[in-house]
Number of protein chains: 2
Amino acid sequence: MTNIDNTLALSRAGIDTYRQPIVFMREDCHVCRAEGFAALTRVEVSLGDRSVIATLNVVTNGGWLPEDTAALSEEAWAVLRPEPGDRATFTHPEPPDSVSAIRAKVYGEALEQDRFEAIIRDVLDHRLSDLDLAAFITACAGDRLSIAETVALTHAMQAAGETLDWGDAEIYDKHCVGGLPGNRTTPIVVPIIAAAGLMIPKTSSRAITSPAGTADTMEVMAPVSLDIPTLRRVVEAEGGCIAWGGKIALSPADDVLIRIERPLDFDSDGQLVASVLSKKAAVGATRVLIDVPVGPTAKVRSAKAAQELERRLRTVGEAIGLTLTIHQSDGTAPVGRGVGPSLEAQDVLAVLRRDEYAPADLRERALDLAGALLDLAPRTRGRGRTAAAQLLDSGAAEAKFMAICEAQGGFREPREARYHAVVTAPAAGRLTMIDNRRIARTAKLAGAPRQKLAGLRLLVQVGDRIDVGRPLFEIHAETLGELEYARSYAEAQADICMIEDGG
Amino acid sequence: MTNIDNTLALSRAGIDTYRQPIVFMREDCHVCRAEGFAALTRVEVSLGDRSVIATLNVVTNGGWLPEDTAALSEEAWAVLRPEPGDRATFTHPEPPDSVSAIRAKVYGEALEQDRFEAIIRDVLDHRLSDLDLAAFITACAGDRLSIAETVALTHAMQAAGETLDWGDAEIYDKHCVGGLPGNRTTPIVVPIIAAAGLMIPKTSSRAITSPAGTADTMEVMAPVSLDIPTLRRVVEAEGGCIAWGGKIALSPADDVLIRIERPLDFDSDGQLVASVLSKKAAVGATRVLIDVPVGPTAKVRSAKAAQELERRLRTVGEAIGLTLTIHQSDGTAPVGRGVGPSLEAQDVLAVLRRDEYAPADLRERALDLAGALLDLAPRTRGRGRTAAAQLLDSGAAEAKFMAICEAQGGFREPREARYHAVVTAPAAGRLTMIDNRRIARTAKLAGAPRQKLAGLRLLVQVGDRIDVGRPLFEIHAETLGELEYARSYAEAQADICMIEDGG
């Protein structure tokens, strides 16, 4: 389009904008002046056959950025992979096709499969700005996605990534809609199902806003960054695995959208269902259990909300060929005693090892879920719960778990954090509620999940009679600063553990 | 909440993120680790009694950012105004009240006055992230704002800023919904109205995406950054002014919202009406003319869209006590010859001075608008157009314009750019359309509005018979690079001037 120079040398800004490509350019540089670029302009940066659309941040004092140079955020750098001395070309991007699809949705039109595909493609190509993504998520929020649109979005998200093919085998899977600290049933359910001779290639996520994701907890005990061939080998050898989903590109658009969905925090059954089921379809699952904890401080807060979600999960699941079973569970309190990767891993091992002090609630939940899955299997139909208990109590599940850990790269025993602090009851009475959200926040302030040994261990349960000064929970941290910071936060939260008179 | 140190020294990043407060912190700094801050976390930065909520960009290689230091974007720096050696406190912000109002709107609830006020207050306090703002704008797009909500939003936007009080005097004003390059009627209409003895305290905007705003054009001829006392003095002395609205805080939230509205570019009559009428109400206007150019490449593209907009303008105008008259005009082609601040100023002066070669279309439009306004005045009701022509032809308007310029700080004659390039007709035929958007883009590539002398001058009009090689327009630039860049772009756009056979 032009014969004047619109190239600049590239430098690495060393700035992490979390998956958002940003380019830093001097306002006085010849490209900004010729192209009329200003702050927040969308700029297409091209290097050889690679290109990325980045948002421009204008460097006003020039000071830290050399002349004739543009600096790239980590995300943009990772896409372009420049060599020393490379010069990139800077142009106005063509507006991406999917912008018109997003606009149509914003104006209330229903979208067809192909338009969702265009949106997901542009999401993965970084062609949409964060504002575009926020508009798309907003336009789909609440009940604005019809069932048909949810099916189309699910298909589009699955089709944009890898799909594992297991031939004719029935593939089992489970997913928990989340919101409960310590609810770490997966590392117990997977070995039970695998010990029953069924296939369960489980992928789990790392924590985004919680103190631990299942992948973080599992990683305390064994490697979880498995590539697809390794995952396949582990599952073919042992019947199951517990791998980090982020390592393999199953429904990769989901990870990009989540970055915008989390801060906006709109309830959207459509997006939740598409996110969950696109990953299940991608992993090749055919029989799926969805665990939906319900409680005032859980993600799903009412029975009515749970029914709505359940209805949509079922309809979309059928439409994409999944046999679904949905299990509503109690979401009023944390599960197990540990909150944080290593502390949760200790709970998991206690249950698998049938320790005397193993948390009974975690064991019961894991057996409920494993039982519900085994009820989907011909050989155990109708007696899933019994079969699950037998596989756990016989030690078959523990042996299978150790075998899976070895196949994934070797088992490691969880360690204990360097520092502990005890938070005690400020009043006497009956413990009526534990606030999941503030328990999670305390564990994060202590360093979880970044510090695998950090978090907290609950020493009481809902229903307990409490005396003044009774230890409520123990904060674990690797540094004194984090220990003190988490402790002072927790002690400032009078009703993090709600203790009520009488009764 | 805590007794551990969560302060850092402040440095100026010298990065312009256009009204978006950003804070840069090292991922290894003690505050990020203690608070659990990660990329894109919203962070409240407090210094004495000032505070700002900024979005965190994490510096990963630490290199350019000293230890124990956080760097602020220009916007955040301007809010906190740190002194050397100041240390700010970094905490998790309370979620702003208005987030629940935005969520309600996203889910389809209608909002009352008080909730719009909460949103506008948080917009001005920078308490909402760009994602929150995008969600709000998306939730109000299309026809999602009812008339009642549009009235409430208009009130909330006006109430958040200054309102000028002119006692019992009738105050006249005009606004053009925009989209036409060169449509610079304001500097002609204002002196005509003032010469008729009426009061018209006109505030105009600078260009955001166009090659020139009225304030940019006026600034070529006189100072426009008037504070409120100066504006009042000018209007009391001369009856009118043409000032830059950005200097005085009339409906200030509008400028923040526009930053997000422009890139999203959703049609939203509700937001458009609230934006226009809140500013009119704030300036104290009582009788307002709205010019709505309609054309395929104008902002309002169809008669139906114009009627919808007109209906909403009228209803909301009445509700907030404005007498409105709406004038639909031809939006199919640029107006006048010049596009760009100085070139448009030359057109304006040619009309005021009744030069032989003054652009007739600009003169006629200005007289139509001035006439429509004078029809609202008792002394000229029913003969506004005649009165307007008389005031222009007698030289009264020119004299009044010069007096206004002097009162604003002194008249300056527009100058001519250093370099010109001529773009000629590639084919013969009749000129049937000129593409407003690509004409505007060409002028911007030539340097407008940053370079006040840059832009282009049209040498043909729609309807002309064109021979091959006939000059279509002249590009003006201050640098050869910009001249060449604009020329090569324009010549690559075959139908920027649509020339059709026969006829």
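Below, read A as the first sequence line, B as the second, and so on, with proteins coming before strands; counting in each chain starts at 1.
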Item to complete: Please state whether the side chain, the backbone, both or neither of A:R450 comes within less than 4.5 Å of a heavy atom of chain B.
Response: side chain
Discussion item. Could you tell me if the side chain of A:E74 sits less than 4.5 Å from the side chain of B:V58, heavy atoms only?
Written reply: no
Worksheet, complete the sentence: Heavy-atom closest pair (A:Y107 atom, B:A141 atom, distance to 0.1 Å) is CE2-CB, 4.4 Å
Practice prompt. Counting only heavy atoms closer than 4.5 Å, note whether A:Q20 contacts chain B via side chain, backbone, both or neither.
Written response: side chain
Worksheet item: chain B heavy atoms under 4.5 Å from A:A448: which part of the residue, side chain, backbone, both or neither?
Response: neither
Fill in: B:D265/A:R103 under side chain to side chain contact (heavy atoms under 4.5 Å, CB included): CA gap, chis, key distance, verdict
CA-CA 9 Å; B:D265 193 28; A:R103 178 171 285 112; 3.7 Å; yes
Worksheet entry | Residue pair B:L264 / A:D132, side-chain heavy-atom distance below 4.5 Å | yes
Response to the item:
Applying a strict 4.5 Å limit to non-hydrogen atoms, the region of A:E491 in contact with chain B is neither
Worksheet item: Are B:D130 and A:L131 close enough that some pair of their side-chain heavy atoms sits under 4.5 Å apart?
Response: yes
Worksheet, complete the sentence: Greatest number of non-hydrogen atom pairs under 4.5 angstrom with chain A, of B:A135, B:S129, B:A134, falls to B:A135
Worksheet item: Does any heavy atom of chain B fall under 4.5 Å from the side chain of A:R144, the backbone, both, or neither of them?
Response: side chain
Worksheet, complete the sentence: So, the part of A:D143 with a heavy atom under 4.5 Å from chain B: the answer is neither
Worksheet entry | Proximity breakdown for B:A477 and chain A, heavy-atom pairs closer than 4.5 Å | neither
Practice prompt. Compare every heavy atom of A:F266 with every heavy atom of B:V106, then report the nearest pair and how far apart it is.
Written response: CG2-CZ, 3.7 Å
Worksheet entry | Check: B:T138 and A:F136 side chains under 4.5 Å, non-hydrogen atoms | no
Item to complete: Determine whether B:D16 and A:E27 make a side-chain contact, defined as any pair of heavy atoms from C-beta on separated by less than 4.5 Å.
Response: no
Worksheet item: Of the backbone (N, CA, C, O) and the side chain (C-beta and beyond), which part of A:T479 lies under 4.5 Å from a heavy atom of chain B, both, or neither?
Response: side chain
